[in-house]
Every structure is written in structure tokens, then in C-alpha cells.
Amino acid sequence: RWLYGKQICLFYAFCGVLFGICSLSTLTLLSTVCCLKICFPAYGRLKREHGQILIACAWTYAAIFACSPLAHWGEYGAEPYGTACCIDWHSTNVNTLAMSYIIVLFVLCFILPCGVIVTSYSLILVTVKESRKAVEQH
């Protein structure tokens, strides 16, 4: 069972969601930047300030979704075995607001980033394949 009380449970769950979403957001931005630099070199010129802005955006995006259960859109609670805390998936059975949070979280923090990553790396592979063919022809 969770031994440390409700406040520590909320903090533990908040950190897990914050760092998890921030990690996926950062990977999404990294794949997008790589795609721009390889597939569209005219648009791939990034300065240090651009990188800082992108990192700030990733943290802000993650913070919005991590803070939402603290503002009562979704809930944090103990995991089914009770040994750790995370998003309370069972609250969706009785709370439509919690269900909407889970759906938005799934779409915007999983489907969208994974789609962008797959698309970015697919474009990179196509570009590299076309470049190789062009080199072989010359």
C-alpha cells in the first residue's frame, strides 16, 4: 500500500506525469527539428534562442497536463496495487470530467506526439532514400 499520505501521493503522481509528458514532448520536438534540418534545409536553421523557446514550450505543455488533475480536471490517486500513485484511471467510471481528461491526454499527449514522430522519421527516411538514388545516378 502507499505509505506516505495523500499529499506525497499527489506530488509523486504530478512528477510522473510532468516528466513523462515532457520527455515525449521533447522527443517530438527533436524529431521535428531533425526533419526540418534534413528534409527542408531552408527552414531548418535554428538558433540557440529557438532551442530555448522549444524547450520552454515542452515544459509548459507538460505542466498544463500535469497541473490539470490538481485543478480537478482528472484525478491523481493510488495505482491498482496501491504501491505507487499516478492518474486515477478508475475515476473515469463515475466522473465524466475525469473521462474527458483521459481522452484529451490520450490524444494530445500520446497519439499526436507519436504521429508527429513517425511522420518526421518517415520523411527523413524518404529524403535519405531519394538522396541516395540521386547520388547513385551521378
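Side chains included, hydrogens not; waters and symmetry mates left out as well; all remaining heavy atoms used.
Each of F11 and L70 belongs to its own hydrophobic cluster when Ile, Leu, Val, Met, Phe, Trp and Tyr are linked at side-chain heavy-atom distances under 4.5 angstrom. Using a 4.5 Å cut-off between side-chain heavy atoms of Ile, Leu, Val, Met, Phe, Trp and Tyr, with links allowed through other members, V116 and F40 fall into different hydrophobic clusters. In the hydrophobic cluster analysis, where Ile, Leu, Val, Met, Phe, Trp and Tyr join through side-chain heavy atoms closer than 4.5 angstrom, I21 is grouped together with W89. Both Y101 and L112 belong to a single network of hydrophobic side chains, linked directly or stepwise wherever heavy atoms of I, L, V, M, F, W or Y lie under 4.5 Å apart.
When the shell of 6.0 Å around OH of Y12 is examined, it contains 12 or fewer heavy atoms from other residues, nucleotides or ligands.
Note that CZ of F14 and OG of S68 are 10.0 Å apart. Values are rounded to the nearest 0.5 Å. Between the NZ atom of K47 and the CD atom of Q52 there is a distance of 12.5 Å, given to the nearest 0.5 Å. With values rounded to the nearest 0.5 angstrom, C15 atom SG is found 11.0 Å from L10 atom CG. Within the model, atoms SG of C35 and CG of L30 stand 11.5 Å from one another, a figure rounded to the nearest 0.5 Å. Residue H90 holds its NE2 atom at 14.5 Å from CG of N95, rounded to the nearest 0.5 Å.
Under a 3.5 Å cut-off, the side chain of Y76 and the backbone N or O of A66 do form a donor-acceptor pair. Proximity of a side-chain donor or acceptor of S23 to a complementary backbone N or O of F19 within less than 3.5 Å is not detected.
Taking both residues in full, the closest heavy atoms of L97 and H72 are given as CD2-O, 3.4 Å, listed atom of the first, atom of the second, then distance. Nearest heavy-atom pair across S31 and T28 is OG-O, 2.8 Å.
A heavy-atom distance below 4.5 Å is not found between the side chains of L105 and F110. Two residues are said to be in side-chain contact when any heavy atoms from C-beta on lie closer than 4.5 Å; S100 and T96 fail this criterion.
Alongside V135, the hydrophobic cluster contains no other residue (criterion: ILVMFWY side chains under 4.5 Å). Through side-chain heavy atoms spaced under 4.5 Å, either directly or across other Ile, Leu, Val, Met, Phe, Trp or Tyr residues, V128 is tied to L24, L27, I38, I117, Y121, I124.
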Only pairs under 3.5 Å count here: list side-chain donor-acceptor contacts from residues 53-64, not counting sequence neighbours, and write none if there are none.
from : atom 1 : to   : atom 2 : distance (Å)
T60  : OG1    : A56  : O      : 2.8
Y61  : OH     : L108 : O      : 2.5

